Protein chains: 2
Amino acid sequence: MTSPIRPAEVDRTSPVPLYFQVATRLQELIERGEIGVGDRIENEVDLAERLGVSRPTTRRAIQYLVERGMLVRKRGVGTQVVHPKVRRPVELSSLYDDLRTSDRTPRTEVLKLEVVPAGGEVAAALEIELGTEVTWIERLRYAGGEPLAIMHNAIPMDLIRLTDRDLAEHGLYELLRRAGFVPRIATQVIGARSAGATEARILSEKRGASLLTMTRTAWDAGGRALEYGSHVYRASRYSFELNLSAG
Amino acid sequence: MTSPIRPAEVDRTSPVPLYFQVATRLQELIERGEIGVGDRIENEVDLAERLGVSRPTTRRAIQYLVERGMLVRKRGVGTQVVHPKVRRPVELSSLYDDLRTSDRTPRTEVLKLEVVPAGGEVAAALEIELGTEVTWIERLRYAGGEPLAIMHNAIPMDLIRLTDRDLAEHGLYELLRRAGFVPRIATQVIGARSAGATEARILSEKRGASLLTMTRTAWDAGGRALEYGSHVYRASRYSFELNLSAG
DNA sequence: GTCAATACTTTGTCATGACAAGCTGTCGAA
DNA sequence: TTCGACAGCTTGTCATGACAAAGTATTGAC
């Protein structure tokens, strides 16, 4: 019934925290199906004793997986494996990353890259003074040889110096991260509207076709605004997929 | 510099866990602006001593707020308040709840409520055999006197017995919860398309107008599929707002 | 046979103590 | 003046021990 972790699998000489070793091992067992959906895992106390670690440590390991949506605890009952289809919460990733991890060979064409004074919308989103100079980017994103999205971004001037080539070859988030600015939190709004004539032409759609719109502002851990984006996607070729979990 | 919690504010006779009392109080101070953005909060050890609780307890309180994106910890430095605009991760709530909490007095018209055999899409989403009977619901949701969305839902027959009146007066999630089925995880896909003639008429839109589409499957903690929904929203009146945070 | 009280299992909360690890500022040597 | 070593501060990890609370199974009375 149980496929327990063996005591030999925790290594006290490793710099990796014990709770994380236990959590990782548990996760493997679950993902590999050795502990099936709905199965109860060994209780905290026994597991701790058997592995020779303290209960808080096993508890923390389990907690880690609970937060990632793999396990569910019930007091008086035990800890169960939940449906494997549903894993982690929504991720903070860019379209480029999304496409790359899913095989659809992205290509980027930089339509515009310039420094302009921030307009009202951009200034409000990035929380800077109206007219402050920002880097303004317009890109056309292809996937599988077809145009997929028109992307507009504004980035505070002092963060990073971008070139056409960087942008053509890397995702914006990747570039930001590389420069030491790690997006941690973001708000985004997803809506829809009809394509205007220019948009339609660029995206190879008919005029009036439905477009998905997404605007996003991203901040780093310190609350510094990193990026404002306003993008439109061909609804015929793209949709947003979200995994939610409620505490 | 700090606006600390006073010891009198933790109540050991309360059934509310100490760590939660501390977390709630801290959250209040932050939301009220008494601890500003970027400020460091009192360190764990001092805070624990001053409040007369243990360090693990204060630690857990802080951890709680870190997970909700209000605080950021740095070893060797301290714990800082992050941008207050960005709050919790996406919530698992229904449109009805969303509207009600934001003043826009929802009204629901039940267009259809019947038991039908599950078609391919529904069966796949709910993970049941093709042809298994499910409760099928079609509703028209109004907000502020205007039609806003057409909602289709399929629910496994054995979960709950629904009436027109229930549905007109309560959100579906509310009804599910009341029957003891708590949605915990969900996957949803957001897209867009143009309105057909019938949809346009029902929603008071022109034919070809952009509609936001959202399909969702929700599961309870045990991995049991509770609901499949396929909804269309007037893009001119509605958009999805998400708050993301990355670990 | 049915139902309520009880015992048991399992997770939830909390305290105390200890040491490690990462960051920052200070102080001294070159 | 500059830079490295060091000390001190703060969070990170871990152990041990104890009791509470919730859910499940058993037992016993009727």
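We use all heavy atoms of the structure for the numbers below, so side chains are in, but hydrogens, waters and symmetry mates are not. Reminder, nothing fancy here: chain letters follow the sequence lines and each chain counts from 1. None of the values given here were measured: they were computed from a predicted structure.
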- request: Kindly say if Arg73(A) contacts the phosphate of dT10(C), meaning a side-chain N or O under 4.0 Å from OP1 or OP2.
  value: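 Answer is no, no contact under 4.0 Å.
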
query: Does a side-chain N or O from Thr79(A) land closer than 4.0 Å to OP1 or OP2 of dT11(C), or not?
result: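 Yes, such a contact exists.
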
Roughly, in whole Å, what's the span from [atom1] in [X] to [atom2] in [N]?
X: Arg40(A); N: dT11(C); atom1: CZ; atom2: P; answer: 8 Å
X: Glu44(A); N: dT11(C); atom1: CD; atom2: P; answer: 5 Å
X: Asp46(A); N: dT10(C); atom1: CG; atom2: P; answer: 7 Å
X: Gln63(B); N: dG12(C); atom1: CD; atom2: P; answer: 16 Å
X: Arg50(B); N: dT10(D); atom1: CZ; atom2: C1'; answer: 17 Å
X: Asn43(A); N: dT10(C); atom1: CG; atom2: C1'; answer: 6 Å
X: Ile41(A); N: dT11(C); atom1: CD1; atom2: C1'; answer: 11 Å
X: Arg59(A); N: dT13(D); atom1: CZ; atom2: P; answer: 16 Å

field: Tyr228(B) side chain reached by Glu121(B) side chain, heavy atoms, under 4.5 Å
entry: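 In short, these two side chains touch, coming nearer than 4.5 Å.
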
- prompt: For Glu28(A), does the CD atom sit with more than 12 other heavy atoms under 6.0 Å from it, leaving out its own atoms?
  reply: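 Counting other residues, nucleotides and ligands, CD of Glu28(A) exceeds 12 neighbours.
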
field: salt_bridge(Arg50(B), Glu42(B)) N-O dist < 4.0 Å
entry: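 Yes, this pair counts.
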
- prompt: Reading nucleotides 14-21 of chain D from the 5' end, what letters show protein touch, with B for base, S for backbone sugar-phosphate only, - for no heavy atom under 4.0 Å?
  reply: SBB-B--B

task: Please answer whether the main-chain N or O of Phe20(A) pairs with a side-chain N or O of Thr24(A) as donor and acceptor at a distance below 3.5 Å.
output: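 Here the side-chain-to-backbone pair exists.
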
No-hydrogen, no-angle side-chain donor-acceptor test under 3.5 Å, Asn153(A) and Glu227(A):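 Asn153(A) vs Glu227(A): donor-acceptor pair found between side chains.
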
query: Do Arg73(B) and Gln80(B) pass the side-chain hydrogen bond (donor to acceptor under 3.5 Å, both in side chains) test, and can you show the C-alpha distance, the side-chain angles, and the key distance before you say yes or no?
result: CA-CA 6 Å; Arg73(B) 291 206 234 231; Gln80(B) 283 184 319; over 6 Å; no

